[in-house]
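Only one structure is covered here, and it is reproduced in the block below.
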Amino acid sequence: MKILVINTGSSSIKYELFDMEHHRVMASGMAEKIGEDTSLLTHKGISPNGDPVEKMEDAVIADHLEGMNRIVQLLVDPDLGPIQAKSEISAVGHRVVHGGEAFHSTTIIDKKVIAAIRKNIPLAPLHNPPNLVGIEITTTLFPDAPQVAVFDTAFHQTIPMKAFLYALPLELYREKKVRRYGFHGTSHAYVAERAADYLGQSLAELNLITIHLGNGASMAAIKRGKCVDTTMGMTPLEGLVMGSRSGDVDPAIPFFLSDQLGMSFKDIDGLLNKDSGLKGLCGTNDMREVLEKKDAGDDRARMALEVYCYRIKKYIGAYFAALESLDVMVFTAGIGENAPYIRELSCSGLNGLGIELDREQNHGVREGIKEISSPKSHVRVLVIPTNEELKIAQETKRVLQNILVK
Ligand code: AMP
């Protein structure tokens, strides 16, 4: 079974082709800057005779359809492509950002599902429309392959009402579905399962806090395998400090900005989403640069890191309380996997909660899963590389097999 995973953004298409029988990636890449003067196409994979191939080219890609066509050409290219014909692809798995309350799990896409994703556009105006474009295109290009939607929000649909309701007039939830949804669900679910595998325990026996620290960042509290709380909210703006997003702020700050600085809604939206977070505090949203600046003695960078890690630490405490007991904590994504300083600062002083890192293990460089807690620590702390594309492929395979069994 070969599964193509697609993640369509407003000006990009990311793809990864999995050979599920042999557990290997056959190709991956991205069409970027679609619709701009010069687009960029990158492709990595295995050639028909099994050699590794890499290709990167500037191209003019007018729209997503052209981008997807170029990707398909690469996949079946007689010299570069890992497959000979489109028909070898058994199914296409799509990352869909917002499933709202309609989707609790992965689903085969049909007209009703498309209508439901469309209905959720007001909740994710930047993400769901390009996701729908991707679905439409691959439905045309692969008419015989089932199309499957894997939602960022689905894993968090088990969050109880006391954690997902905002204390706003209840009609806003009932009529407009204003509530916490949470995102990065595919990543939180993937690393939680990997943690259970690593510990040789069933996920249903474990209480976990998963900490996804990438450009976007979020945490999830997972009780006996089910998510019970998460830091992102109705949108991905709430919660942790991120690359350029503020995370939690006093909700009255926008009124202050409007009153005092005459800022419009659009200006404030831009400020909170694009000019805040690490970037707002110290001028760069790239954690590697922030750490370099801190090491060079830059005070703003040091302060930004303190704010960043304090927020994580505060949520660890909150989620400890939500879970009532904690077995495992997992760090993942670009920063979570690669920045020992951030893990150390976020966990400092948490001995009282039974969380204690081993300095050497935390700073050690190793591929794959790393255990960084000290032998004395009650809570086991792991670093687990996330793989959202693989999880989407696994989910796609799972729903197809369920249908075959039925
Ligand atoms: P992601 O969104 O998961 O790709 O993560 C992107 C973030 O990870 C950026 O802020 C990068 O600076 C950060 N990152 C990647 N590699 C490292 C590293 N070796 N040390 C610190 N941060 C890193």
Side-chain angles (χ1 to χ4, degrees), residues 5 7 9-16 25 28-30 32 40 42 44 95 97 126-127 152 182-192 194 210-220 230-232 235-237 239-247 273-296 298 300-309 311-312 330-347 357 359 361-370 372 382-392:
V5 171
N7 182 354
S10 57
S11 63
S12 67
I13 306 172
K14 273 195 210 162
Y15 63 96
E16 199 149 334
V25 176
S28 64
M30 189 166 179
E32 289 173 82
L40 183 65
T42 42
K44 240 177 162 178
R95 175 193 182 211
V97 167
L126 300 181
H127 295 98
D152 265 23
F183 300 85
H184 294 141
T186 314
S187 176
H188 289 292
Y190 177 78
V191 297
R194 297 279 290 141
T210 49
I211 308 176
H212 176 111
L213 305 176
N215 241 327
S218 67
M219 290 170 56
T230 191
T231 54
M232 281 179 169
T235 76
L237 184 56
L240 300 180
V241 176
M242 303 178 221
S244 62
R245 283 177 235 157
S246 61
N273 276 292
K274 300 204 175 106
D275 294 323
S276 298
L278 292 172
K279 185 176 169 199
L281 287 170
C282 73
T284 170
N285 65 342
D286 188 309
M287 182 56 90
R288 274 169 297 208
E289 285 177 28
V290 184
L291 289 166
E292 278 165 20
K293 282 181 168 192
K294 184 264 302 170
D295 287 343
D298 183 312
R300 278 184 67 168
R302 185 188 43 73
M303 176 199 59
L305 293 171
E306 281 178 11
V307 176
Y308 185 92
C309 293
R311 185 81 51 88
I312 297 169
V330 182
F331 283 94
T332 192
I335 298 166
E337 290 166 32
N338 296 300
Y341 177 81
I342 299 297
R343 298 191 295 254
E344 189 171 286
L345 199 55
S346 305
C347 295
L357 296 194
R359 201 166 188 283
Q361 295 298 334
N362 185 36
H363 284 265
V365 180
R366 200 161 357 106
E367 290 285 297
I369 298 183
K370 242 181 10 173
I372 59 169
L382 307 175
V383 177
I384 302 185
T386 193
N387 193 335
E388 290 167 272
E389 289 75 20
L390 175 60
K391 178 72 179 158
I392 292 172

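When a ligand or atom number is given, it counts from 1 through the structure's own listing order. Just so it is clear, the model here is predicted, and its values are computed rather than measured.
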Gly216 to ligand 1: N or O pair under 3.5 Å? no

Do side-chain atoms of Lys391 reach the backbone of Ser187 as a donor and acceptor pair under 3.5 angstrom? no

Check step by step if salt bridge (charged side-chain N to carboxylate O under 4.0 Å, His left out) holds for Arg302 and Glu306. CA-CA 6 Å; Arg302 185 188 43 73; Glu306 281 178 11; 3.2 Å; yes

Nearest-neighbour protein heavy atom for atom 12 (O) of ligand 1, which is reported as residue plus atom name and distance: Asp286 OD1, 2.6 Å

Hey, does the side chain of Arg311 reach the backbone of Gly239 with a donor-acceptor pair shorter than 3.5 angstrom? yes

Please check: side-chain N/O of Thr332 versus main-chain N/O of Ile384, any donor-acceptor pairing under 3.5 Å? yes

Quick note on ligand 1: atoms under 4.0 Å from a heavy atom of Asn215 include exactly 1 (P), 2 (O), 5 (O), 6 (C)

Shortest protein contact, atom 3 (O) of ligand 1 (heavy atom only): Gly334 N, 2.9 Å

Looking at Gly214, which atoms of ligand 1 are within less than 4.0 Å of one of its heavy atoms? 1 (P), 2 (O), 3 (O), 5 (O)

Backbone N or O of Met219 within a donor-acceptor pair of the Thr230 side chain at under 3.5 Å? yes

Quick check against the 3.5 Å criterion: does Asn362 have a side-chain atom that pairs as donor or acceptor with the backbone of Ile372? no

Has ligand 1 got any nitrogen or oxygen that is less than 3.5 angstrom from a nitrogen or oxygen of Leu213? no

Does a sphere of radius 6.0 Å around NZ in Lys14 hold more than 12 heavy atoms from other residues, nucleotides or ligands, not counting ones at 6.0 Å or beyond? no

Closest approach of any protein heavy atom to atom 7 (C) of ligand 1, naming residue and atom: Ile335 CG1, 3.8 Å

Closest protein heavy atom to atom 22 (N) of ligand 1, given as residue, atom name and distance to 0.1 Å: Arg288 CG, 3.7 Å

Sub-4.0 Å atoms of ligand 1 with respect to non-hydrogen atoms of Met287: 10 (O), 12 (O), 22 (N)

Near Ala333 (heavy-atom distance under 4.0 Å), the atoms of ligand 1 are 3 (O)

Kindly identify the option in Leu278, Asn338, Thr386, Thr284 whose heavy atom sits closest to atom 20 (N) of ligand 1. Asn338

Are the side chain of Arg245 and the backbone N or O of Asn215 linked by a donor-acceptor pair below 3.5 Å? no

